[in-house]
2 protein chains.
Amino acid sequence: MAALTIGQVARQSGVGVETLRFYERTGLIEEPPRRDSGYRQYPVDTVRRVRFIRRAKALGFTLKEISDLLSLRVDTDSTCADVRDRARSKILDIEERIRRLEGMRDALKQLAATCAKEGRTSECPILEALYRKEQDDDEG
Amino acid sequence: MAALTIGQVARQSGVGVETLRFYERTGLIEEPPRRDSGYRQYPVDTVRRVRFIRRAKALGFTLKEISDLLSLRVDTDSTCADVRDRARSKILDIEERIRRLEGMRDALKQLAATCAKEGRTSECPILEALYRKEQDDDEG
DNA sequence: TTAAACCCCGTACCCTACTACAGGGTCAAG
DNA sequence: CTTGACCCTGTAGTAGGGTACGGGGTTTAA
């Protein structure tokens, strides 16, 4: 199976070479095998992993959270039931994020519509739109 | 209308006093009027604004992006059409995030289900689940 | 066989978004 | 009229997540 150099992985996954070394230091990607020269030899799979990291980061997950997500597997340390529970808790977390984003989207839609009609908007229309229904849940 | 001290705003919106001063320095919240003593006097509205900032941050928006969202209004510098366009572009952005989160959620659901059946999972099942359909779109 | 393009390690630096003093004034309760 | 909680303005430090050298070895294609 073809192995990739760090530069190839970097280009294919859209991050810098330094970032890959940084991810390795912090344990987010495994230390790859080396050639005799010391050059890293990445399995092609690494590209997929790094792309996932990049996307998850763009969605607001921290590297710690991403690491948790990527380590969801049944192994010597975690049972099937444990993995299932952790996955479910992540699902709830993600669904909460989706709901909040939908709230923002709807507020923006309302703003765009209102603006089209009235041609003038309030002091901070997105807050108006978001809170019009007084949905004041208080989360931590 | 009742005005709030910085400490009251902080407690009611779930951030620290220092954070409010920081947001003021960076222009994310307006400089409030002061008493003769120099104490800040916040309008009650500020609480709503700061809560929004906190939530948007948790969703992965940067302070810069949040500032853009909050400044979506028709004023001397921006026309209605301009606001509408910016709102629509934010909507597309948010919908993209929602789609990606739904993808992650579905992958996690599949993982939880697979795990229940097979009791043992692959090296990185969430990546397996996410990429099973080889949906390799390449975004910047 | 050499020159461009890569790779190695280590350390230092950068940006964002806070967070924590220090040193000093203010306010409300008792 | 004092005491403790609160506020003020600096300025400095921190954590997370990279990014940029410096100094040097390796590959590869001409």
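Predicted, not measured: the structure shown is a model, and the values here were computed from it. In what follows, chains carry the letters A, B, and so on, assigned in the order in which the sequence lines appear, proteins first and then strands, with residues in each chain numbered from 1. Computed over heavy atoms, backbone and side chain alike; hydrogens, waters and symmetry mates excluded.
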Set of side-chain hydrogen bond (donor to acceptor under 3.5 Å, both in side chains) partners for [X], sequence neighbours left out:
X	answer
A:Arg35	none
A:Asp82	none
A:Arg99	A:Glu96

Separation of [X] atom [atom1] from [N] atom [atom2], in whole Å?
X	N	atom1	atom2	result
A:Ile53	D:dG18	CD1	P	9 Å
B:Ile6	C:dC27	CD1	C1'	16 Å
A:Leu20	C:dC7	CG	P	10 Å
B:Gln8	C:dT26	CD	P	19 Å
B:Tyr42	D:dC8	OH	C1'	12 Å
B:Arg34	C:dG25	CZ	C1'	13 Å
A:Arg54	D:dG17	CZ	P	16 Å

Using a cut-off of less than 4.0 Å, is there contact between a side-chain N or O of B:Tyr23 and OP1 or OP2 of C:dA17?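 So the side chain of B:Tyr23 is outside the cut-off, no N or O lying under 4.0 Å from OP1 or OP2 of C:dA17.
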With sugar-phosphate meaning primed atoms plus P, OP1 and OP2, does A:Thr5 contact a base, only sugar-phosphate, or nothing at under 4.0 Å between heavy atoms? sugar-phosphate
Per-nucleotide protein contact string for nucleotides 19-30 of chain D, where B marks a base within reach and S marks sugar-phosphate only (heavy atoms under 4.0 Å, - for neither): SBB---BBS---
Just to be sure I understand the geometry, which residues of residues 56-65 of chain A put a non-hydrogen atom under 4.0 Å away from DNA chain D? A:Lys57, A:Thr62, A:Leu63
Tell me, with the steps shown, if B:Arg40 and B:Glu31 meet salt bridge (Lys or Arg N to Asp or Glu O under 4.0 Å). CA-CA 8 Å; B:Arg40 289 169 179 80; B:Glu31 287 194 40; over 6 Å; no
Do A:Leu63 and A:Lys57 touch side chain to side chain, with heavy atoms closer than 4.5 Å?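 Yes; the side chains approach each other to less than 4.5 Å.
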Check this for me: A:Glu102, atom CD, are more than 12 non-hydrogen atoms of other residues, nucleotides or ligands nearer than 6.0 Å? yes
Identify whether the distance between the nearest side-chain nitrogen and carboxylate oxygen of B:Glu24 and B:Arg21 falls below 4.0 Å.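 Not counted as a salt bridge, because no side-chain N and carboxylate O are separated by less than 4.0 Å.
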Between A:Lys109 and B:Glu95, does at least one N-O distance fall below 4.0 Å, as a salt bridge requires?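 Yes, this pair counts.
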Residues two or more places apart in sequence or in another chain: which of them pass side-chain contact (heavy atoms from CB on, under 4.5 Å) with B:Asp106?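 By the side-chain contact (heavy atoms from CB on, under 4.5 Å) rule, B:Asp106 matches no residue at all.
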